[in-house]
Structures are given as C-alpha cells and as structure tokens.
Number of protein chains: 4
Amino acid sequence: MTAMLPETPLGVALIGTGFMGKCHAMAWNNVATVFGGARPRLEVLCDAVPDRARALAPQFGFARSSEAWQSVMEDPLVDVVSITVPNGLHLPLACAALEAGKHVWLEKPMALTLNEAAQMAASAASRPDLVTMLGYNYLRSPAFQAMRALVEDGALGQLYSFRGVYDEDYAADPDLPWSWRHTLQDGGLGALGDLGCHLVSQMIALMGPVAGLCAQTHIAIPERPSATGMTPVENEDSAMAMLRFASGAQGSFATSRVARGRKCHLAWEIHGSLGSLRFDQEHMNEFWLHRRGEAGFTRHLTGPDQPDFGAFCPAAGHNFGFNEQKVVEARDLLQAIAGGPACGPDFARGHEIETVIHAMARSGGQWIEL
Amino acid sequence: MTAMLPETPLGVALIGTGFMGKCHAMAWNNVATVFGGARPRLEVLCDAVPDRARALAPQFGFARSSEAWQSVMEDPLVDVVSITVPNGLHLPLACAALEAGKHVWLEKPMALTLNEAAQMAASAASRPDLVTMLGYNYLRSPAFQAMRALVEDGALGQLYSFRGVYDEDYAADPDLPWSWRHTLQDGGLGALGDLGCHLVSQMIALMGPVAGLCAQTHIAIPERPSATGMTPVENEDSAMAMLRFASGAQGSFATSRVARGRKCHLAWEIHGSLGSLRFDQEHMNEFWLHRRGEAGFTRHLTGPDQPDFGAFCPAAGHNFGFNEQKVVEARDLLQAIAGGPACGPDFARGHEIETVIHAMARSGGQWIEL
Amino acid sequence: MTAMLPETPLGVALIGTGFMGKCHAMAWNNVATVFGGARPRLEVLCDAVPDRARALAPQFGFARSSEAWQSVMEDPLVDVVSITVPNGLHLPLACAALEAGKHVWLEKPMALTLNEAAQMAASAASRPDLVTMLGYNYLRSPAFQAMRALVEDGALGQLYSFRGVYDEDYAADPDLPWSWRHTLQDGGLGALGDLGCHLVSQMIALMGPVAGLCAQTHIAIPERPSATGMTPVENEDSAMAMLRFASGAQGSFATSRVARGRKCHLAWEIHGSLGSLRFDQEHMNEFWLHRRGEAGFTRHLTGPDQPDFGAFCPAAGHNFGFNEQKVVEARDLLQAIAGGPACGPDFARGHEIETVIHAMARSGGQWIEL
Amino acid sequence: MTAMLPETPLGVALIGTGFMGKCHAMAWNNVATVFGGARPRLEVLCDAVPDRARALAPQFGFARSSEAWQSVMEDPLVDVVSITVPNGLHLPLACAALEAGKHVWLEKPMALTLNEAAQMAASAASRPDLVTMLGYNYLRSPAFQAMRALVEDGALGQLYSFRGVYDEDYAADPDLPWSWRHTLQDGGLGALGDLGCHLVSQMIALMGPVAGLCAQTHIAIPERPSATGMTPVENEDSAMAMLRFASGAQGSFATSRVARGRKCHLAWEIHGSLGSLRFDQEHMNEFWLHRRGEAGFTRHLTGPDQPDFGAFCPAAGHNFGFNEQKVVEARDLLQAIAGGPACGPDFARGHEIETVIHAMARSGGQWIEL
C-alpha cells in the first residue's frame, strides 16, 4: 500500500484556516499515520489575518505562520500547497503556485467563472511536471470507491439511467442575511457551485462524459435582509437538469440549498441492464446494490472490503468519517507526486466539471451540447 | 362518516376479471362493511371469456355473469359500472356506459391516445348527472390523504420544488417477450402510461397545475424476442422531465419500467418555505415530515389520525394495504353518487393527467406550454 | 390453490362487532373473492347490544342479527362461529360452540387464566371432528410465512439465539383511565396477554418448544385515575424474559404497553450458523435476510414469491395489509374444515402459548421448567 | 472550548501498535488540531517487536521508539501513557505506569479477571493525583453525548426500561481457528469482554447503577480447529441478561460474537414516562427520539448541535467517524489532567463495568445482587 508514497518528506503549506483549512490540516497530520510513507513536513500555515495564522500554526502542527500567500509560494521548503481560501482567490493563488513550481491541492469549486477555470486548466497544462488536485472529497469514501469499481467492472451491465440530487438547507431560512455569497460577481454560482459540482464529480466518474443537457434554475428567496434593507439574491437557490451521456444513457439532476431538513443529501441511483445501485452521502457508510436474480437490495455496510477503509480500521460497521475522506485524498496526492497513479480530479477534469455546471446555469431551459 | 353514503343499494356491474378486476371485486364486497351505508347489489360480472365470468361470478359475490359488455350497459338493475378491461377498450366501454346512463369507475390509464381521452372527457361533460372516476388508488392511502391535507393547510409554506419518480422493474429483463403492449397502436404509452400517470396524479394534487414541461424518453431495450424473431419496441421504457408549475414552483420527474430492484417506487419529495415532505409508496404506511425548527425528519406511521385508516383498524402501525386504497375509492364514488363531495379524478381531471404524460411523450427535449 | 377449499358453502356466525369483529367480517366477505371455493353463507351477526347487531348485520353482509349468543350456537344453519367478544367470555362461548358441534375461530388471547385455557383445550380435544383456530393473524403475513419456510428449510442452519420484543404505547399515558382491563380478575394478564402472546406464537413457530424460562414483570404506572380516585393497576405494563428452547438455543423476550412511540413493534432477530433473519411488524411488508458469504442484509420486499401475496395482488412492493392477514387465516380455517392441512394455532397450541406467558407472569425472576 | 486544555505540552508514550494503537496515534496527532491547547509531544512509541516500533514511530509521528515498556515508564519526558497491548498485560502495565506517576489511558476491557480489575482500581485509588481513563470510545460520539444529555435533562421523564444488544459476527464462522482468545486463562471473557462491556458502559451512563441481574451464557461453537485438531472453546460466544436498576427500572441485555451479518450492532432503546430514545452504533450519526404528543420518532442527524461535532466540522449530516470518537476521548483526558472536569470511565468506574459483566458470566441463570 505504501509503495507509491514519497520516501522523503514533502514540505507542505496550507493557505486558509476555515472549515476546509482545518480539514486539510487534519489530513496532513495523519496521512502518514494511516498510510505510511515519509511524514510530510508541515512548513507554513498562512492566513490573511496574522493573529489567526500565528495562533493556529502550533495548534495545527505547522512550523511557521505567514500572513502573505505570495511569500509562501516562494518558500523553497514548500513542495505542495493546500489552498482553502475563498473561491474568488482560487485563480491567482493556484496560478502563482504552479508558476512557482509547487504542486497544488485546491478546494472546490475550482473558480467563480468558467473563464477562470479555463485559465487555471491552461496553467496546469503548461506544467505537466506538477500535480494538481481538486478537493472533491466525496469521491474518496470507501462506499464511493467500491461503487465506482462495481460500475467499472460491469456489475450493473449497460447503464440506462442516472438519477441524482444534492440537497442541503443551509440557505433555507429567509432570515439568513444577504452577503457577497449571493452575488454573481463575488459568489459565482449558487447551489450549483456549492453542491452541484460535487454531484457532477460523482456523476461523470460513474457515467462518463456528458454529451448534452437542458436545465432550469430557481431563486426561491429573491431577496434577503442586509444592512441597507432587502437586497436581491443573484445566484440560484436550486437547479435541475436533464442530461444525455456520451454512452447513450440518460440522467436527471437536481440540487438545492433551500431544501429544509436535508443536510448532506448527495444521493443518486443508477439503473443498468444487470442491476441497480443507490447511495446517500448522509448515510455514507452504506450503499445498496441489487443484481439480477436477487430478492431485493442488499445493504453493503462500509468495511475493510472497501478501499481504503482497512487502513483506518480493520472492523466493518465502525463508520468512516467525513474528514477521513480527506486523508485518502492526501494519500492520492502524495502518490501522484511520487510518480504513482494519477489522482483526480486534476485541473483538466475540474474544468470539465465546471463546464457542466456553468452550462446548467446558462441553459435557461434550452439544450446545450457539450 | 356514513352520512353521505347511499341509503338504497346501488346495482353494480364489473367488467374485467384480471388483477384490477379482482381488486374492484374486493372493494365492492367490503365498502359497506368498512364504511356503512347501503350494501351495493353486485349484479353482473362480465368477461369476454364466458367460462371465466361464469366461474368467477359466485366467487366474487356477483349474482349473474355475462360475456357481453353491451348487454351489461343496458341492464336496468345496474347503476354503476366498474371497467377494468385492457386500455384499448376504455373508450368504447366508458362512452357506452355514460350513454346508457351509468356511473363509471374506470381503471387508469384513461385511454391509449390523448384524442381518445378528450372524447371521453367530452362524453362525461355531456352527462353532468353521472359520476365518473378514474382508479388512481394511490391517492387514497391514509399517508397520501394526510400529506395532501398538510400541503393544503400550508404546513410546508410556499412550495419551492417537487422531485418525483415512479420506478418498477417489470420490464427490466431483456428476455421478457415482445407483446402488443410494446406497440404504440395497442399498448399506447410505455412507462408513462403504466406508471408516470400515477405520479402525475399525485403531483398535480399536491403542486397544482403544470404550466410547462420539457422531457426526454428512452427505449432501453430496443427489441424483444417474439415468435417471429426480435421485434422492435415502440413505446418508452423510461422518461424524465423538468416542469414549471403555474404556482412558480419547479419540478423534476422520472419514471422507468426497467429499474432493476424497484417494485413500486412511487416516491417524491417537496421542499417548501416552512418544511419538507417525503414519501415512497413501497413504504406506503409512513411519510416523513420536517418543519422549520425541528431537529430532523419525523417518521409518521399510518394510523387512525390519517384518513381513512380508522375505519379499517383503530390501531396505528398495523399497516393499511394496497387493496384497501380501492375500498376508500369505492366509498368516495358512492358518496359522490349520493350527492356528497365530488370525488376525483373524474374524466376532466383524467384528461388533464393524460395531457401531461402525452406532452412528455412528444416533447423530444423541447419545452411545451400547457 | 383452491383444491382444499369447501365445495359447498359453510354457514357462518360472527359474535362480537368491535375492532376484531369487523376484521372477521371483512375476511368472511372476501375469503372466496380472493381464494375461490364456495362462498360462505353469512348467517348471523350477534352482539349483546341488540340495536348494534341489527344495524351492523346488513352492513357486514349477514342475513340476520341476534342479541343472544346461546341461540346462535343452536342455529342449524351455522357451521362455524367467529368469536370476538371480550376475553372473559371466551371460555363459555368457545365451549358452548364446541358442544353444539360448531367449528370455532376465536380471537386471542385464548382465556383470562391458564386454567380456563386448559379447560378449553380439553373441550376441543373431546371433539376431534371439529376445527378450532385462534386468531394469531401475524402468523399469516406473507413475510412471516416466507421466513418460517426459510427457517424450516434450514436457510439459517442451526439456530443459536432469538431476540424478540413486542412493544406498543397504548397505555403509556398515565392519564389513561383505570378500567376493568387493569384487573387480574377481568383483564387477566396485561402486556403479556395483549401483546406477548403474539410474540410467543411467532417464537415457537420459528424456534420450537420452550424448555424453560425466567422472567420479571413491571407495573410502570401503578395507579390510574378512576371515578373513585386513583385506583391500583394489577396487571403488568411490561415483562421481560430469558428462555431456553428444547433445541438448545437461547432466547430473550420483552413486551411493553408503555413504550412511547411504538405502535406495533413486534420485532425479532434470529442468529443461526448459516445466517440471520430480522423482522418488524411495523414494516410487515419486508424482512431482512443475511446468509453466510453475503455482503450484508438483503431487504426482501413482500411480493408474489411469498405465500399468499399473489392471491391478493400479482405485483411485488404493493403492500399487503393488516386485515388481509385475516383473510389468509379464514382460508386456512376453511381448508382445515374441508379436510385440508391442519391450521393453527388450534386450542392445544393455544394452551401451549398461554402456558408460556403465564409462566412469565408468575416467574418472579425464578426459572420455570416447562 | 480550549480553556481547560493544557497550556504546556504533555509528553506521550504509546504502547502497542495494533488496531487500537493506530487509533490512539491518530488521536494524539490531531487532538490539538481539532480542539486547540498545547500540542502534545509524541515521545515514544513502544512495541515488543523492535522492528515494528522502529518502523512505525516516524510514521505515527513519535520522536523515538522502544521495545521495552518498563523503560517507557521511567522516561521523565513522558507524562501520559496510552496502553493498547493485549488484555493480559493490562494489569502490569497500568500499575507500573501509575507507580511511575504517569497518567494512564487504557483500552477496554480493563482486565482478564475481576480480581485484576479490583487491583487496578486500588492502584488508581492510591494515586488520586493521576488521571486514569478507559477507552470506551462509543461514549464520545456526538449522538451518545446528546442522548445522555437528553436523559439527564429529563427529556424521557422517569425511565421505565432499557433494551440493549451488542452483536457482531467476527466469530460466526466455525472455521475460525482456535486461539488463546478462546481460553479463560488468556482470553478472559468472550463476547461479554469484547462487546458486552461497551454496552454496559453506555447502559450505566444512561440508566444509573445496576442493582441486580440474572444471566445465561452460550458457547454456540463448542470447539474450533487448531494445529492439534478440534480444541474446546472456553469462553462465551453469547450472553443475555435481565437487570434491575437501582432506580427501579428494568433492563434486558444481550451480546453475541456469532450474530451473522451484524458488524457493530451496539443498539438500545429506552422507554420513559415522557418519551423514548433509540440508537444503533452501525448508524452512529443518527438517533431517534419520540416525545409525548409527537407523531412518531424523529431522526436526529449528527451535527454541530451535538457535542463535539462542531469542532470537527461545522455542517450537519457530514458524518462523524469511529476514529474521531478517540480524539474526543483524548481531549477529555487532557482536560482532566489540566484540572478540568473528570473524564470517565476511570478505573473505579471500569471496575464497576467489570463487576457487571463478570456477574453475568457467572450467574448461571441465578439472580446476583450487586
């Protein structure tokens, strides 16, 4: 398992200390504990708020802190940069890191606009010696890895259709104040950018490329309270789409940030000629498989039979956690840097994901060929 | 509860003795047992196969048998006709019954073509003294009745979106032989006609009228074995659609007859400003409600608090059955005949349902305004 | 399927018109509709309240009504008597019916005391020409029938252990008024008599005879409001037991009428050398089977593969109902009367069930060998 | 949140590098990342196999390795010792650590025999300046912490009964070879020691002290293959018990290591005068609460409203993992060492847990007062 991991420690910088910054920090601290290989050197923790960087660096196990991301890029002790800053900064930081010769681990969504994503993909393409990876962590759960292998191995036969949703309720309350997140300029897409891109990342990993789509979006709560009164919301609260895959299969797709009661309902079902598969991220430690001739769906409970559960715990049913998906992601990144199998989604695949969600955003009910 | 039921017995004829014919027979035998009122007279059981009608009449509790539906229509002892014959015969039988002055209880789908449905609706409109009802029995489960009341009472607030599917796997096996059911001429629509119309019946009961839709269909298994070799399938194995409701809400819709492992997965979810609701007919004795401020979804188990559970059993959790939905339907029909509240869907509403599924069938990915 | 059913109609009397009386009435009206055979003649409906019998007889489809059960027993047109009166009357009515040469279908629990049950079993033994059957309807669900067959066919291998509960909450409210049901004299056992006996009926059908047990009981709400103030409750609100089966397997057992939120939680799990099985009556249309080598538990959804689902509906997933269990029970009774396979539980088996629950009631924490 | 955490780093030794050793290592690496406070110094990793300790120390982030636990105890840089060695070594290592003035974090079960546990408790009692903690990690899940708070706050009212099981299937295969684990001498108790003690730890945290119990045990697979043929199994494959709590409530209890299909089925239900609560560790990110007057059980999905979810992830529904329970445990230990609230179970409470499971093991169907 550790054959592909680096034998000499890599130097790590982490830029951004919010929710996902902490998640990256946890992963960097334990990737070697779990998977072996040389333990990364946690060199610099960077945050634009100096006190915050200074306070958190020792807590997160980093040797130094910084308030200037530009200097981090020039740091010769840094080999790989984790970028978990607000989405509007993804473009400059990622490109600077690549120009400085650093491997890049970037949180999703890739960028605010499709144009930015294209620039980033071009930047990555110009440096094929560097590894880029986007933080689509839901691709790393043992359940998802096992399901993807089942599909690739033909357990479902020819794929007929995909039905996917990703619903949460973080914006369901009309009293949630207006913020820059509700603008196209600074927030970019709404539910599609926050949630939909995750569903796309799983969908194309399972079903292959999207050939065409037709979508509609909805702003359920058209204005929200701000300091200056009620201010309009510019990006979508929800979106839905129909799709045609290059394979000939068809798909339905929906996402919402105003779905009361849903917390992480990234859920989908695939029907194939030989069987069906279904999954819900709220129950990330199980999936349901039905094969031709069986009496019903069987609940597969996450365990060491599924990659990479066993590295964390040898006993099935003991529950893999959200944050542990990130540790697998870190392992994949380290393997790719060490010359092991390519990990994904890289910036090229990230651009493909962005192409899909931006097509949904602009479809307005018309078909778009991709 | 019995105030609106007929005080003098109505004479009943049942035409058709298959799956749904038996279901009607069970309902006619027990509607008075359960709800009171005058016990219907079961006058004639009719089937084109004389031996079959003759053998089943005493078993089903009917006084006489017949092989000629025309004579049934002229029978002066018959007040109401249950029609459960193949779909291609719905038009002539229903119209003949109305012309003969009989109330009509007709199984879904209403007709093979939208034109037929329009004729039938016109025929019913010309006889406002007669009651027509289509057998959308899933509208009668205690769970559905309770959920509809919750939506009507505003428990979910303003409705944002509907997500619905109805999937079964009765045609998932490619070895299932070709039959007239797979032709447009004799079978009419495929999954939309068998399954989709049920989902539409619930959707419009909950969300109100459809303003527009865009759909695509799929023939997953393009040909099936017949006596003369492999023969093409003409109607859809699956369909999916996006919808806009007159209310401004949006909807997604999908149905399949080739969804391996699914048996009666008529399932949907509604998001509103104040709460969410979800349901799956495979678990017809429960629904899930989340209201603003609550910790999660609450499982409501069917019981006497939900209409009309208590007439069948006074104890919650004891499970209402598929066939009992039909008994409620019979009660509603009898009430309407006795001058009580209108029951539905009548032929006008049935035509509206057909309009939606036929629009889906012909959309070809283009928006259709309704 | 109909080979064993009577070819000439049997005359039926139903005594008692409460919850279970109505359930019997529904079954008598549809047993031939569903299973064929000669349609029973519904001769007399009897209730101690004359108006009630008179009003309900036509509603329930009975030819006549009566207020005197004694005369019903002497009625030459009556072949079989359904007894659904209060438990304290089971002994005299059942014995009178047997003495009068009638077959007897009696609701559970069999009797108020073990002594009464013994008298009734002796009475039945003296008339081997007559069929007796107790209304343990949960034995007739398609799921239970399928599970029993799996166990009998050795699908679980050697049985190791049984874990069973039956919990409801009908007495959970301390404000529920005191009644004669809370006395040993008139109410007999508490949760054990109402609920526990159902669990015993399933347990011994699956696991075989009980060799010994040790139990404790609990009166959670020691007194309840009555017209004369707070009055003591005499019978148990809950009970739990450990058991040893004659086979060497072990069992745990619990029942409660004060389990808030539980409505019909008759649930159990069996572990065997080759697999495990689990079930919950609140989800009576599914069971869960795991066999050695499989990835998890498979959800078996009720359908025509399970006895006797197909006679009611040809399509899996369409949900069998509580009342339909009673129709199967009626069919079994009619078959036994016609000389077909013995149905159960008869009075001998009923006495065995009573022996177990009365042993639990008196155990006081001491082992009792049976 | 960090107020009670040490301000100066504590030195840590970890003895044992198996399943739970790795789990402790992950926790030590991230306790400060997650909760703040001074980051512990990971001083020594110790394993009896020198190569293993040497190889894993850098992987696990420890500064040094050792093959001699005795020297670890004397190490002045070590303040706290994590002990995850085989159960037979718990007594000498824990006592040595206490004698050397180290705080002790010991995996369960505490000891092989009740006598050993008593010695260990006495040893801890003699050093009240040192903190002892047993690794009952299931007490730390957000769901359990929230449920315990609900019970303590009276949300269930007066507690009537507890129903608990802990079933797994790790020994269900009769071909699983015999080992020292199947002996009383070296393995100690069977299912009770491995699994039952976890259930007891939760049960007494929720229900309070056990006043008396009556239990039976079972060796389902009496002999297993070994190098010398079939060798007898000495400790129990399963056990079940009835209990009386000091509060007057009653309980049922069962555990098995031969329950096919069950992976981590630590599941229980509590009935109280005001509500009911149920939980299953296989679904550790949810629990079900019913309160008087509500329509059913509500599924509470783990999120930041439950302690200590928010320190790991701010978003509900994102799933807490098995290993993260251990991070909370480490935080509690560090807090207790820093003079914060006592954490548990300490050795005194551990002895109480052992008292219960050993009473079950020796009960032989007789009541034992505790």
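Residue numbers start from 1 in every chain, and the chains themselves are labelled A, B, ... in the order their sequence lines are given, proteins ahead of strands.
For the atom pair C:T33 OG1 and B:N30 CG, the distance stands at 8.0 Å (nearest 0.5 Å). Between the NE2 atom in C:H318 and the OH atom in B:Y138 there is a gap of 3.5 Å [rounded to 0.5 Å]. To the nearest 0.5 Å, the span separating CD on B:Q59 from CZ on C:R39 amounts to 9.0 Å.
Comparing C:E286, C:E168, C:E282 by heavy-atom pairs within less than 4.5 Å of chain B, the highest count is held by C:E282. Heavy-atom pairs under 4.5 Å with chain C peak, among B:G303, B:C313, B:A315, B:P314, at B:P314. Note on C:T302, C:N323, C:D169, C:L56: by heavy-atom pairs under 4.5 Å with chain B, the leading option is C:N323.
Within residues 255-268 of chain B, the residues having any heavy atom under 4.5 Å from a heavy atom of chain C are, by residue number, B:K263, B:C264.
For a residue to count as touching a neighbouring chain, one of its non-hydrogen atoms must lie under 4.5 Å from one of that chain's; by this rule C:Y170 does not touch chain B. Heavy-atom distances place no part of C:Q325 under 4.5 Å from chain B, backbone and side chain included.
With sequence neighbours left out, the ring pair (Phe, Tyr, Trp, His ring centres under 6.0 Å) criterion links B:F320 to B:F312. Applying the side chain to side chain contact (heavy atoms under 4.5 Å, CB included) test to C:T84 and every residue at least two apart in sequence or in another chain returns C:L14, C:M20, C:H24, C:E107. The side chain to side chain contact (heavy atoms under 4.5 Å, CB included) test applied to C:L176 returns C:A171, C:H182, C:R224, not counting sequence neighbours.
Remark: C:R181 CZ is loosely packed, at most 12 non-hydrogen atoms of other residues, nucleotides or ligands lying under 6.0 Å away.
A distance-only check finds a donor-acceptor pair linking the side chain of C:N319 to the backbone of B:Q281 [under 3.5 Å].
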